[in-house]
Amino acid sequence: MSAGAVVTTGLIERVASLEASVRRVIRGKPEAVRLAVACLLARGHLLIEDVPGVGKTTLAHTLARSLDSQFQRIQFTSDMLPADVVGVTVYNNTRQDFEFKPGPIFTNFLLADEINRTTPKTQSALLEAMNERQVTIEGNSYPLPDPFMVIATQNPSEYHGTYPLPESQLDRFLLRIEMGYPDAASEREILRSQRQGSMDSIELTPVADGDDVLEMQRQVDDVRVDERVVDYLMEIVEKTRAHEQLALGVSPRGSMALFRGAQALALTEGLTYTTPDHVKRLVKPVFAHRLVPDVRLGPGSRPAGQCSQILEEILRSVPVPI
């Protein structure tokens, strides 16, 4: 089936409207906004890792406000329990029966703020939800709303009192991105906007609803991926598995994430086909948090930065198909 015959102009316009809505608030970070929208379209979850005050929480909140959907925020702390996330079963005296009280995870967009500040036991409460789109409590499974997306944040420079996310948890995030500081012109705009109130006070009219998002996600499947692009993707994957500085290369889940992410990124750019550039731009956001450096070769920099350097080396060594 021809992708161009399926992906309509109207759908591409709705995707562009969603991105433009988020960019009204998130100034000077077009790539971060585009990757966040692409992650949503790819049915993925997003990990934003950066220092405080650069807009991690604002990006998550603005994406939810741009859609007619439910939004919940959890501020993770060391004393939080799994029941605080997924919910709890309580006894109802009126009905004389046990009743399930849903937790904040039952939403369309869940902001897991400072996810690495809670214990591994509480972190693991998100695993089933992120992978299966459901929560199981006392033998009963409860489906989550659709669409469902977790946007988690963490501070990479302050590790006191934190619990690093295990590989199994990191693997559930389709993308890991950094916000970075805005350029001078964009920060000047931010300062001027503060005269009239907070950036969060900017009135946003939802540009789409949950059904629109589901349709966008379905259309991602119809974005064409040429076999030469697949070969390029697979060669990068194989080099991560054979690299001498990596103890753990990219898993099949990671290669599938890059494949679907490239399709979604193409759709955000109004294209019905992927290019090698879509794959190349996503290699570090999709793969860096999934790789494990070989500790026998020395600690080096922090793992994410070390893996990014290795991926840059791999990208330089793999010829780009024309």
Side-chain angles (χ1 to χ4, degrees), residues 11 14-15 17-26 32-33 35-48 55-77 80-90 99-115 118 122-123 125-137 140-153 172-175 177 198-220 264 268:
L11 180 134
R14 288 200 299 274
V15 174
S17 297
L18 174 59
E19 185 175 325
S21 178
V22 179
R23 288 176 65 174
R24 284 187 59 199
V25 176
I26 306 299
V33 172
L35 291 179
V37 173
C39 188
L40 169 64
L41 300 190
R43 301 191 188 97
H45 305 289
L46 180 65
L47 176 62
I48 309 176
K56 301 187 298 296
T57 301
T58 303
L59 174 58
H61 195 194
T62 304
L63 183 59
R65 288 168 58 203
S66 298
L67 298 167
D68 186 11
S69 56
Q70 297 177 322
F71 173 81
Q72 292 283 353
R73 173 182 177 178
I74 304 177
Q75 183 66 49
F76 281 97
T77 57
M80 182 169 286
L81 300 174
D84 297 324
V85 177
V86 299
V88 64
T89 301
V90 297
E99 179 182 4
F100 175 62
K101 297 291 185 181
I105 201 171
F106 286 85
T107 186
N108 297 119
F109 288 89
L110 178 69
L111 172 58
D113 221 354
E114 296 187 289
I115 189 173
T118 194
T122 303
Q123 290 176 6
L126 292 170
L127 282 174
E128 182 186 14
M130 295 173 69
N131 198 49
E132 306 295 336
R133 301 299 205 271
Q134 68 175 23
V135 169
T136 301
I137 298 176
N140 297 316
S141 295
Y142 303 92
L144 294 170
D146 207 7
F148 172 71
M149 182 182 188
V150 174
I151 303 178
T153 71
R172 269 33 177 213
F173 289 100
L174 182 86
L175 297 178
I177 67 172
S198 168
M199 296 292 289
D200 289 336
S201 67
I202 295 177
E203 185 175 348
L204 292 179
T205 301
V207 297
D209 57 21
D211 290 336
D212 292 326
V213 173
L214 294 177
E215 179 60 22
M216 294 175 192
Q217 292 174 341
R218 285 191 290 267
Q219 297 293 334
V220 168
T268 64

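Fair warning: this is a prediction, and the values are worked out from it, not measured in the lab. All residue numbers refer to positions in the sequence shown, counting from 1.
Residues P147 and L214 have side chains in contact (heavy-atom distance under 4.5 Å, counting atoms from C-beta outward). Counting heavy atoms from C-beta on, the side chains of L126 and V86 never come closer than 4.5 Å.
Under a 3.5 Å cut-off, the side chain of E19 and the backbone N or O of V33 do not form any donor-acceptor pair. For the pair T89 (side chain) and E99 (backbone), a donor-acceptor distance under 3.5 Å is absent. In terms of modelled atom types and a separation under 3.5 Å, the side chain of T153 and the main chain of I48 share no donor-acceptor contact. Side-chain atoms of T62 never come within 3.5 Å of backbone atoms of V22 as a donor-acceptor pair (strictly under, hydrogens ignored).
The CD1 atom of I26 sits 11.5 Å away from atom NZ of K56, with the distance rounded to the nearest 0.5 Å. Atoms OG1 and CG, on T57 and D113 in that order, are 3.5 Å from each other to the nearest 0.5 Å. Within the model, atoms CG of L110 and CD of Q70 stand 11.5 Å from one another, a figure rounded to the nearest 0.5 Å. To the nearest 0.5 Å, atom CE of residue M80 and atom OG1 of residue T118 are 6.0 Å apart. Here L59 contributes atom CG and I177 contributes atom CD1; the two are 6.0 Å apart, rounded to the nearest 0.5 Å. Atoms CG and CZ, from D209 and R14 in turn, are 9.0 Å apart once rounded to the nearest 0.5 Å.
F76 and T122 get closest at one heavy-atom pair: CE2-CG2, 4.0 Å. Minimum interatomic distance between A38 and A264 (heavy atoms only, all atoms of both residues): O-CB, 3.3 Å. Contact between I115 and F173 at its shortest, heavy atoms only, is CD1-CZ, 4.3 Å. Considering all non-hydrogen atoms of both residues, M149 and G44 come closest at CG-O, 3.5 Å. Closest of all the heavy-atom pairs between A129 and V135 is CB-CG2, 4.3 Å. Among all heavy-atom pairs drawn from M216 and A208, the shortest one is CE-CB, 4.3 Å.
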_Please determine whether side chain to side chain contact (heavy atoms under 4.5 Å, CB included) holds for the pair Q217 and L40, giving the CA-CA distance in whole Å, both sets of side-chain angles, and the decisive distance to 0.1 Å._
CA-CA 8 Å; Q217 292 174 341; L40 169 64; 4.1 Å; yes
*Decide side chain to side chain contact (heavy atoms under 4.5 Å, CB included) for D84 and L81; before the verdict, give the C-alpha distance in whole Å, the side-chain angles of both, and the deciding distance to 0.1 Å.*
CA-CA 5 Å; D84 297 324; L81 300 174; 3.7 Å; yes
*Working for side chain to side chain contact (heavy atoms under 4.5 Å, CB included), residues L111 and H61*: CA-CA 8 Å; L111 172 58; H61 195 194; 5.7 Å; no
*Full working for side chain to side chain contact (heavy atoms under 4.5 Å, CB included) between D212 and L11*: CA-CA 8 Å; D212 292 326; L11 180 134; over 6 Å; no
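Salt bridge annotation for D146-R133: absent, with no cationic side-chain nitrogen under 4.0 angstrom from a carboxylate oxygen.
The aromatic rings of H45 and F148 lie perpendicular to each other, with more than 60° between the two planes, well past the 30° mark.
In this structure F100 satisfies the ring pair (Phe, Tyr, Trp, His ring centres under 6.0 Å) test together with F106, Y142, sequence neighbours excluded.
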